[in-house]
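Have a look at the structure below before the remarks.
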There are 2 protein chains.
Amino acid sequence: MTSRTPRPRERGIPEATVARLPLYLRALHGLSERGTPTVSSEELASVAGVNSAKLRKDLSHLGSYGTRGVGYDVEYLIYQISRELGLTQDWSVAIIGAGNLGRALADYGGFGTRGFRIAALLDADPKTVGREVAGLSVRHIDELEDVVSDEKVSIGVIATPAAAAQGVCDRCVGAGVGSILNFAPVVLNVPEHVDVRKVDLSIELQILAFHEQRKAVGRRGPGWADALEV
Amino acid sequence: MTSRTPRPRERGIPEATVARLPLYLRALHGLSERGTPTVSSEELASVAGVNSAKLRKDLSHLGSYGTRGVGYDVEYLIYQISRELGLTQDWSVAIIGAGNLGRALADYGGFGTRGFRIAALLDADPKTVGREVAGLSVRHIDELEDVVSDEKVSIGVIATPAAAAQGVCDRCVGAGVGSILNFAPVVLNVPEHVDVRKVDLSIELQILAFHEQRKAVGRRGPGWADALEV
DNA sequence: ATGTGTGAATTAATTCACAGCA
DNA sequence: TGCTGTGAATTAATTCACACAT
């Protein structure tokens with residue numbers, strides 16, 4: 001069987017909520033920069049692009065951090081969400097693959113966001129090794145294990161070609177990496193205790209194509225879609 | 001309130017299923033290249049990284065394309081899923097933003113996958129315009145509307161800095177683009193009929209950090225997590 | 001025999017709607 | 001009065017388990 005128990009939620013925060021907390025956090029940082037002291041669930045939800053009931057329910061899983069009749073204190077909520085997400089400490093990240101994508105990721109400010117630091121950028125190609133990217137010198141993939149243990153890397157970002165991804169993943173896991181962010185278009189096999197998230201351009205495009213097609217069919221007028229069914 | 005019935009699923013395919021179809025398709029292409037003529041739900045599910053009950057339920061939404069006691073014909077299933085996803089036709093894609101990320105995306109083979117073609121790569125920076133990337137000459141953002149209508153672009157990929165994203169999105173929508181794939185770390189506002197999907201590095205990292213933290217807390221032994229609660 | 005297709009059961013996520021606190 | 005926090009209701013997604021076609 002290919003089933004796996006989907007890890008019981010330890011502190012009881014639903015996965016769907018966890019996936020939205022970063023969104024709220026970003027919205028709050030925006031408000032904070034603008035000097036807004038408090039915000040209602042309606043306002044915050046609107047900025048984050050969700051509805052207010054969902055936002056309140058999500059926040060209620062963290063605790064009672066709002067004030068009835070007033071709203072949420074922006075700074076306080078930023079702190080609480082950051083703490084919940086584990087952003088009050090720093091996480092070391094290694095990017096494996098210094099091709100176009102790997103370099104784009106390294107350059108991308110997204111890491112700079114509180115809580116993450118790029119410990120190394122690694123590649124298998126000797127011509128790429130040594131090259132300077134985002135203030136880092138690209139290191140050879142054979143240094144992976146050393147980097148992971150020396151820099152206490154807990155998150156590996158895989159930006160290699162598809163064919164190399166599983167091998168690199170295995171090495172990461174073997175070296176002690178606990179989470180993988182995979183940009184290669186393959187399904188990675190990892191042991192139970194390792195978390196994997198994937199970012200897949202062509203999957204996203206195909207999902208959009210599905211919806212585009214549906215819209216196009218509708219546009220031809222009703223009846224068509226049904227007529228196509230066997 | 002902006003409540004509205006959440007678009008009735010025209011052919012009744014659940015969104016969660018749509019999101020997995022590309023995964024099955026990729027797995028099937030792998031089997032096809034290896035010359036495998038038929039595959040069971042158990043095997044296909046294993047390759048695609050889901051469980052077999054889910055796979056069968058998903059496929060059942062498309063129709064009865066398997067044979068009891070045998071499995072699914074690989075080529076036939078590829079065709080059916082492709083058709084369902086709208087990949088039997090070509091979709092024109094415009095990439096807006098030719099920075100590191102935009103160039104990486106343009107170079108990325110992922111588009112080459114049946115069904116998509118990059119109609120243009122656009123940028124606002126005069127120094128970038130004219131540059132050759134992935135066999136395309138970068139065009140100026142002011143040509144956006146022309147490109148969209150001339151090339152019948154239906155999907156816009158936004159790879160600009162956050163600050164520019166909403167403006168670019170508005171122009172895409174105004175020009176007739178029906179779907180947006182957003183790589184900028186902002187929530188885009190679009191009219192009802194436009195689909196948006198987002199790819200967000202820092203959100204993914206934050207979700208992984210949450211799980212890493214949870215694992216780390218557990219590792220310290222039980223009791224700790226509760227002791228931290230107020 | 002074997003493995004699909006699917007109702008029924010279960011679990012998760014969302015939304016409603018309002019009691020109750022500031 | 002205004003807005004949070006949350007039970008209750010609803011809807012969506014997953015998993016079970018087995019009848020039945022091949």
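Here is how names work: the chains are called A, B, and so on, in the same order as the sequence lines, proteins then strands, and each is numbered from 1.
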[X] side chain N/O closer than 4.0 Å to the phosphate oxygens (OP1, OP2) of [N]?
| X | N | value |
| --- | --- | --- |
| B/R20 | D/dT14 | yes |
| B/K54 | D/dT15 | yes |
| B/Y65 | C/dG3 | no |
| A/N51 | C/dT15 | yes |
| B/S64 | C/dG5 | yes |
| B/T67 | C/dT4 | no |

Length of the [atom1]-[atom2] vector between [X] and [N], whole Å:
| X | N | atom1 | atom2 | value |
| --- | --- | --- | --- | --- |
| B/R56 | D/dC20 | CZ | C1' | 13 Å |
| B/H61 | C/dT4 | NE2 | P | 16 Å |
| A/E42 | C/dC16 | CD | P | 12 Å |
| A/E15 | C/dT11 | CD | C1' | 15 Å |
| B/L59 | C/dT6 | CG | P | 11 Å |
| A/L77 | D/dG5 | CG | C1' | 14 Å |
| A/K57 | D/dA8 | NZ | P | 11 Å |
| A/L62 | D/dG5 | CG | P | 10 Å |

Task: Residue pair A/H211 / A/I207, side-chain heavy-atom distance below 4.5 Å - done: yes

Open item on the list: Any non-hydrogen side-chain atom of B/V39 less than 4.5 Å from a side-chain atom of B/V47?
Closed with: no

Open item on the list: On DNA chain C, compare the nucleotides closest to B/G69 and A/G69; which residue's is nearer the 5' end?
Closed with: B/G69

Task: Residue mapping more 5' on DNA chain C - nearest nucleotide basis, B/Y72 or A/D58 - done: B/Y72

TODO: Please determine if B/R214 and A/D195 form a salt bridge, counting it only when a charged side-chain N lies under 4.0 Å from a carboxylate O.
DONE: no

Task: Under 3.5 Å donor-acceptor, B/S92 side chain and B/A119 backbone - done: no

- [ ] Record whether the side chain of B/R68 comes under 3.5 Å of the base of D/dT22 through a donor-acceptor pair of N or O atoms.
- [x] no

- [ ] Could you tell me whether the side chains of A/Y79 and A/E75 share a donor-acceptor contact shorter than 3.5 Å?
- [x] no

